[in-house]
S.K.: 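Before I ask anything, here is the structure I am working with.
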Amino acid sequence: MTVRVRFAPSPTGYLHVGGGRTALYNWLFARHHGGAFILRSDDTDAQRSTDEFRADILDSLGWLGIDWDEGIEVGGSHGTYRQSDRFDRYREVAEGFVASGAAYYDAATSDDLKLIRDQATASGSSPVYDGRHQLSIEAAQHRVAAGDPPPIRFAVLRPGETRFEDAVRGEVVFDHANVDDFVILRSDGSPTYHLASTVDDVDYAITHVIRGEDILSSTPKHILITEAMGAERPTYAHLSLLNGPDGKKLSKRHGDTAIRAYRDAGFLPPAVVNFLAILGWSPGDDEEIVSLQDMVERFELGSVSKNPAVFDTTKLEWMNGVYIRQMSPEAFAIELGRLVAGDLGRELSEAETQSLVDLAPLVQERAKLLTEVAPQVRFLFVDELEYDRASWDKVMATPEALAVVEGARSALAGSEWTHQGVEAALRTMLDEQGLSARKGLQPLRVALTGSSVSPPLFESIVAVGRDRALERLAVAKKRIG
RNA sequence: GGCCCCGUCGUCUAGCGGCCUAGGACGCUGGCCUCUCAAGCCAGUAACGCCGGUUCAAAUCCGGUCGGGGCUACCA
């Protein structure tokens, strides 16, 4: 039997990191087994589903590099893969259940339900609706004719129990005394999640349902529906949820949870993928930087951890730096050029591009985020330098600042304009003044780049060019004096 | 309240009864390198929630307890 898994987000929000991880694990599982990964849109909630979210989910998956073999956009042999297009099918199944006695039309009002809940709470038992207000077919037809159609509920057999072997959690048992007769078709004729999702899993021949732990308690309902359809149940695997640093369920409160926020913040897709993969799954050895190919080879549901993970981006930032350093110098230079152009709001000239390419490797080995990189080389492309206030105050107030800036002007005026030439000229000047490089170079760094933190100085000076370098030293001297 | 899941360093995890004086990674601290910041290298810091039981032996098995999370909708 070939493996078929699906990721079935509902477009009621941006694709968040938890959803991204679920998608990734499904994808990894499918690729590992040479099976099919299917992308479905669980959009039965017409009120909250939007096109913006539909687009974001597609964009974010694409950005992560997760592709799918069947599903929305790419098609396949199961229709549109959008639940909103399959309401007739769900109704057909629900009505079939009524005919076979597996489900019934129900007349319970919200007051009836509330009473049952209150009584259950008071007596310390489970708040379970048991079908005491179910309608006969005739009575239901009357209500339909009267324009007040009743919902259809699934009749859970009690006493009874549903047990299954969860691929990550092991055996899980639910006593039917705690599973109530749930609505499968709403009074407006639309299916609930339980029905639509399960019917799709059966119709699309899904073999493994890998999803968040938040649906673990709904699983008996899904198994019951599956069996009522006369189908074989899939293997279920419930992934633990992601928590915020305070241990509570991850939410907006904890900062960015949308995948797109990480793209915007300057993270690389492979870094995010690697981080998400490691968050709750262990590749088996002590190495945490894992290539996609290795992930596919080693991924198993058995090595997915059961306990919830805190989504802490500290390690992600480190990992992103690793991936940035892993880029080829050429690829990084191109990316840097793009970022700088965006930062400046204009295209770069050929000469500018060349100086950027020269400096790019030095920026690359320092970067953690793509977004921090353009500001670091901005000094190369502006006519007038903006000085970082704290840097200036700290460095230019020192006694050696003025002397060094002046000394550098004459030293650089006659030096050979290469890294070695500039370095030799400045070191000689420093020697003459009896200053260490450590102290003597900082004023020059601020004078030439505007900040006490910059790419290595000699290379930066060369990239700035002699005329501008001398001009900046003159400006700095004036400012000091 | 009821049901279900989970509980190893601050964080992510390895560990499947003896190899555990509990390993790795990130972070943090210190050092080396050094023109700043990074990177790199080296060292250090720090955990089996608690109580019982089983066993010659328990982080590993069992029970309880405490703690956290999820579900408890005609949301998904």
Side-chain angles (χ1 to χ4, degrees), chain A residues 8-10 12-13 42-45 47-49 106 108 110 113 117-118 120-128 150-153 166 168-170 172-175 177-180 182-188 190-194 196-197 212-220 238 240-241 243 245 247-249 275 278-289 303 305-319 321-322 325 362-368 376 391 395 423 426-427 430 436-442 444-446 449 451-458 460:
Chain A
S10 61
T12 55
D42 277 15
D43 58 352
T44 50
D45 186 345
Q47 298 299 316
R48 297 194 300 145
S49 296
D106 187 57
S110 55
L113 266 14
R117 267 199 303 276
D118 291 347
T121 306
S123 70
S125 60
S126 282
V128 164
I152 295 177
R153 282 181 186 271
D166 189 286
V168 342
R169 259 145 241 290
V172 185
V173 187
F174 289 88
D175 189 318
N178 302 309
V179 181
D180 73 349
F182 54 103
V183 172
I184 53 175
L185 202 74
R186 301 187 187 103
S187 46
D188 67 1
S190 67
T192 60
Y193 162 74
H194 301 303
S197 174
E213 197 199 325
D214 51 341
I215 338 190
L216 181 58
S217 356
S218 296
T219 303
H238 290 93
S240 60
L241 268 16
N243 291 150
K248 305 286 183 195
K249 184 181 183 178
F275 179 68
I278 292 301
L279 199 62
W281 169 70
S282 174
D285 59 19
D286 284 339
E287 189 52 60
E288 297 201 305
I289 300 292
S303 43
S305 82
K306 296 196 243 286
N307 37 344
V310 170
F311 186 75
D312 180 348
T313 56
T314 312
K315 190 184 276 188
L316 171 58
E317 285 180 25
W318 161 77
M319 202 171 258
V322 171
R325 271 170 259 127
L362 301 174
V363 176
Q364 182 174 5
E365 63 181 61
R366 285 167 171 68
K368 267 203 166 71
Q376 284 170 10
S391 294
V395 170
E423 176 164 4
L426 290 177
R427 284 197 188 276
L430 254 24
S436 67
R438 192 176 194 80
K439 298 201 73 166
L441 257 25
Q442 279 304 78
L444 300 182
R445 190 185 305 282
V446 174
T449 72
S451 168
S452 61
V453 177
S454 80
L457 186 60
F458 308 124
S460 296

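Order of the sequence lines sets the chain letters (A, B, ...), proteins ahead of strands, with each chain counted from 1. Just so it is clear, the model here is predicted, and its values are computed rather than measured. All values below were derived from every heavy atom in this structure, side-chain atoms included, with hydrogens, water molecules and symmetry-related copies excluded.
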S.K.: Name the pairing partner of B/C56, where a pair is Watson-Crick or G-U wobble with both distances under 3.5 Å, or state none.
M.R.: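 Its partner is B/G18 (Watson-Crick or G-U wobble, both distances under 3.5 Å).
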S.K.: Closer than 4.0 Å, any side-chain N/O of A/K368 to the OP1 or OP2 of B/A39?
M.R.: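 It does, given that an N or O in the side chain of A/K368 lies less than 4.0 Å from OP1 or OP2 of B/A39.
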S.K.: Please classify the nucleic acid contact of A/T44 as base, sugar-phosphate, or nothing, using heavy-atom distances under 4.0 Å.
M.R.: sugar-phosphate
S.K.: Remember a base hit wins even if backbone is also touched, and classify A/R48 as base, sugar-phosphate or nothing at under 4.0 Å, heavy atoms.
M.R.: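 Touches a base.
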S.K.: Side chain of A/S305, heavy atoms from C-beta onward: which of B/A76, B/U13, B/C74 has the nearest atom to it?
M.R.: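 Selected nucleotide (nearest to the side chain): B/U13.
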S.K.: Taking any heavy-atom pair under 4.0 Å as a contact, classify A/V173: base, sugar-phosphate, or nothing.
M.R.: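 The answer is sugar-phosphate, as A/V173 gets under 4.0 Å only of primed atoms, P, OP1 or OP2.
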S.K.: With a 4.0 Å cutoff (strictly under), does any side-chain N or O of A/R117 reach OP1 or OP2 of B/G1?
M.R.: no
S.K.: Is the shortest side-chain N/O distance from A/T121 to OP1 or OP2 of B/G2 below 4.0 Å?
M.R.: no
S.K.: Can you tell me, in whole Å, how much space there is between the P of B/G52 and that of B/G15?
M.R.: 29 Å
S.K.: If you measure only the distance, is there a donor-acceptor pair under 3.5 Å linking the side chains of A/S125 and A/S123?
M.R.: yes
S.K.: Verify the contact: side-chain N or O of A/R438 to OP1 or OP2 of B/U36, cut-off strictly under 4.0 Å; return yes or no.
M.R.: yes
S.K.: A/L216 or A/A122: which one's nearest nucleotide on RNA chain B is closer to the 5' end?
M.R.: A/A122
S.K.: How long is the gap from CD1 on A/I278 to CD on A/E288, to the nearest 0.5 Å?
M.R.: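 Rounded to the nearest 0.5 Å, the CD1-CD separation comes to 5.5 Å.
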S.K.: Taking the P atom of each, how far is B/G68 from B/C56, in whole Å?
M.R.: 38 Å
S.K.: Distance check: side-chain N/O of A/R427 vs OP1/OP2 of B/C35, anything under 4.0 Å?
M.R.: yes
S.K.: Just call it for A/P455: base, sugar-phosphate, or nothing, with non-hydrogen atoms closer than 4.0 Å on any strand.
M.R.: base
S.K.: If you go through the side-chain atoms of A/K315, does one of them form a donor-acceptor pair with the base of B/C12 closer than 3.5 Å?
M.R.: yes
S.K.: For the P atoms, the ones on B/G10 and on B/A46, what distance do you get once it is rounded to whole angstrom?
M.R.: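 Nearest-Å result for B/G10 against B/A46 at atom P: 10 Å.
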S.K.: Between B/C20 and B/C28, how far is it from one C1' atom to the other, in whole Å?
M.R.: 25 Å
S.K.: Side chain of A/S126 only, please: which of B/A76, B/C5, B/C3 is the nearest?
M.R.: B/C3
S.K.: Just verifying a value: how many Å separate A/I289 CD1 and A/W318 CH2, rounded to the nearest 0.5 Å?
M.R.: 4.0 Å
S.K.: Going by heavy atoms in the side chains, are A/D43 and A/S10 under 4.5 Å from each other?
M.R.: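 A side-chain contact under 4.5 Å is absent here.
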S.K.: Locate the shortest heavy-atom distance separating A/S240 from A/E213; write the atom from each residue and the value.
M.R.: CA-OE1, 3.6 Å
S.K.: So A/S454, base contact, sugar-phosphate only, or nothing? Heavy-atom distance under 4.0 Å.
M.R.: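 The answer is base, as A/S454 lies within the cut-off (heavy atoms under 4.0 Å) of a base atom.
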S.K.: What is the nucleic acid contact for A/F174, judged by heavy atoms within less than 4.0 Å: base, sugar-phosphate only, or nothing?
M.R.: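 Sugar-phosphate, backbone atoms only, no base.
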S.K.: Can you see if the side chain of A/N243 gets near the phosphate of B/U11 - specifically, an N or O under 4.0 Å from OP1 or OP2?
M.R.: no
S.K.: Among B/C35, B/G70, B/A76, which nucleotide sits nearest the side chain of A/S10?
M.R.: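 Selected nucleotide: B/A76.
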S.K.: So, OP1 or OP2 of B/A76: does either fall under 4.0 Å of a side-chain N or O from A/S197?
M.R.: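 Checking B/A76 against A/S197, no side-chain N or O comes under 4.0 Å of OP1 or OP2.
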S.K.: Check every strand shown and say whether A/S282 touches a base, only sugar-phosphate, or nothing at a heavy-atom separation below 4.0 Å.
M.R.: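 Sugar-phosphate contact only - A/S282 comes under 4.0 Å of backbone atoms but never of a base.
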S.K.: Find the partner of B/G1: check Watson-Crick (N1-N3 plus N6-O4 or O6-N4) and G-U wobble (N1-O2, O6-N3) distances, both under 3.5 Å, and reply none if neither fits.
M.R.: B/U72
